[in-house]
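To start, the structure under review is shown below, and the notes come after it.
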Amino acid sequence: MNLRLVVTGSVQVDQPPEEAFGLFTPRGEQRWVPNWAPRFPVDTPDDSAAGTVFLTTSGGHRTTWIVVRRSRSRHLRYARVVEDQNAGTVDLRLEPNKKGCTVTVAYDLTALSESAGPALQRFADGYPGYLKNWEEAIRILLRVQSGAT
């Protein structure tokens, strides 16, 4: 039996959405995601424009990404396919709050084979920790940028 799952969580960013948005674009994630190296098959001045295609490699798997939607520095939706593993969407919504913004991150993924199901389930089981790592990495980046130690 193949597996489809939806996981949702949030990350607190101590910047308003207009500033934090750039952290979640393909090039922006290079600032805080270890080994994140998006490759663009065509010249791409605006990496968050709808229709933008980029490629990444992680854990020996190549992922093809497409920016499906972007709206006013508050919403990004990506479609992604990890060869022979899973496919689906990643949806990010940035909402202002008193400290900056809350970024709600939802993955909707389907395993592409029965053998890919267990890895997808492990991802879902570890999702809260995954987002906690995002939040900490972004907090460290912003602290370094501000000159605080």
Side-chain angles (χ1 to χ4, degrees), residues 2-97 99-117 119-124 126-142 144-145:
N2 288 353
L3 174 67
R4 178 178 180 197
L5 57 79
V6 177
V7 291
T8 302
S10 63
V11 174
Q12 172 62 40
V13 178
D14 294 337
Q15 288 184 328
E18 297 75 22
E19 293 176 34
F21 182 83
L23 296 169
F24 300 98
T25 65
R27 289 187 184 106
E29 287 194 22
Q30 291 181 96
R31 296 168 48 201
W32 59 273
V33 178
N35 303 312
W36 179 258
R39 296 180 320 280
F40 299 87
V42 298
D43 185 37
T44 307
D46 181 354
D47 66 336
S48 68
T52 298
V53 174
F54 63 101
L55 309 166
T56 60
T57 303
S58 178
H61 297 286
R62 183 173 149 173
T63 303
T64 300
W65 299 79
I66 303 167
V67 179
V68 176
R69 183 175 178 156
R70 170 186 71 186
S71 101
R72 294 180 291 123
S73 297
R74 298 286 177 95
H75 179 223
L76 269 170
R77 175 173 286 169
Y78 297 101
R80 65 190 280 280
V81 178
V82 181
E83 289 181 7
D84 302 320
Q85 295 298 306
N86 61 69
T89 59
V90 181
D91 193 77
L92 298 107
R93 294 186 182 272
L94 292 77
E95 295 296 329
N97 62 38
K99 291 185 173 189
C101 68
T102 300
V103 183
T104 301
V105 184
Y107 280 75
D108 182 344
L109 300 173
T110 299
L112 298 176
S113 68
E114 280 192 47
S115 63
L120 191 54
Q121 187 61 58
R122 284 190 297 278
F123 172 75
Y127 194 66
Y130 179 71
L131 289 185
K132 187 174 192 124
N133 288 340
W134 279 28
E135 190 170 83
E136 183 60 22
I138 292 167
R139 184 176 295 119
I140 290 168
L141 171 69
L142 296 179
V144 168
Q145 286 181 338

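Worth saying up front: this structure is predicted, and the values here are computed from it rather than measured. Index from 1, following the sequence.
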Can you list every salt bridge (Lys or Arg N to Asp or Glu O under 4.0 Å) pair that touches residues 64-87, not counting sequence neighbours? Glu18-Arg74, Asp46-Arg70, Arg62-Glu83, Arg77-Asp91
Sequence-distant partners of Glu19, salt bridge (Lys or Arg N to Asp or Glu O under 4.0 Å), two or more places apart: none
Quick check: closest heavy atoms across Ala106 and Thr8, and the distance to 0.1 Å? CB-OG1, 3.5 Å
Side chain of Thr44, backbone of Asp47: donor and acceptor closer than 3.5 Å? no
When rounded to the nearest 0.5 angstrom, what is the spacing between CG in Asn86 and CG in Leu120? 5.5 Å
Side-chain contact test, heavy atoms from C-beta onward, threshold under 4.5 Å: evaluate it for Ser73 versus Pro17 and give yes or no. no
Excluding sequence neighbours, so at least two apart, what forms side chain to side chain contact (heavy atoms under 4.5 Å, CB included) with Lys132? none
Taking only residues two or more places apart in sequence, or in another chain, which ones meet Gln30 in a side chain to side chain donor-acceptor pair (under 3.5 Å)? none
Using the side chain to side chain contact (heavy atoms under 4.5 Å, CB included) criterion, which residues pair with Ser58? Sequence neighbours excluded. none
Non-neighbouring partners of Tyr78 that pass side chain to side chain donor-acceptor pair (under 3.5 Å), sequence neighbours left out: none
What's the separation between atom CG in Leu94 and atom CD in Gln15, rounded to the nearest 0.5 Å? 10.0 Å
Taking all heavy atoms of Val68 and all of Ala50, pick out the closest pair and write down the distance. O-CB, 3.8 Å
Measuring only between side-chain heavy atoms, which start at C-beta, is Thr25 closer than 4.5 Å to Val67? no
Under the side chain to side chain contact (heavy atoms under 4.5 Å, CB included) rule, collect the residues that match up with Asn133, sequence neighbours excluded. none
Of all heavy-atom pairs linking Val53 and Ile66, the shortest is CG2-CG1, 4.0 Å
Say you draw a straight line from OH of Tyr107 to OG1 of Thr89; how long is it, rounded to the nearest 0.5 Å? 10.5 Å
Determine whether Phe24 and Val105 make a side-chain contact, defined as any pair of heavy atoms from C-beta on separated by less than 4.5 Å. no
Result block: side-chain N/O donor-acceptor pairs under 3.5 angstrom for residues 31-40, not counting sequence neighbours:
from	atom 1	to	atom 2	distance (Å)
Arg31	NH2	Gln145	OE1	3.4
Trp32	NE1	Leu23	O	2.7
Trp36	NE1	Pro26	O	2.7

What's the spacing between Leu92 CG and Ser48 OG if we round to 0.5 Å? 11.5 Å
Give the C-alpha distance, both sets of side-chain angles, the deciding distance and a yes or no for side-chain contact (heavy atoms from CB on, under 4.5 Å) between Phe123 and Leu109. CA-CA 10 Å; Phe123 172 75; Leu109 300 173; 4.1 Å; yes
For Asp108, all residues meeting salt bridge (Lys or Arg N to Asp or Glu O under 4.0 Å), sequence neighbours excluded: Arg4
Please answer whether the main-chain N or O of Val11 pairs with a side-chain N or O of Glu135 as donor and acceptor at a distance below 3.5 Å. no
State the CG-OG1 distance between Leu3 and Thr110, to the nearest 0.5 angstrom. 8.0 Å
Suppose we screen for side chain to side chain donor-acceptor pair (under 3.5 Å). Which residues come up paired with Tyr127, at least two apart in sequence or across chains? none
Sidechain-backbone polar pair: Glu95 side chain, Cys101 backbone, donor-acceptor under 3.5 Å: no
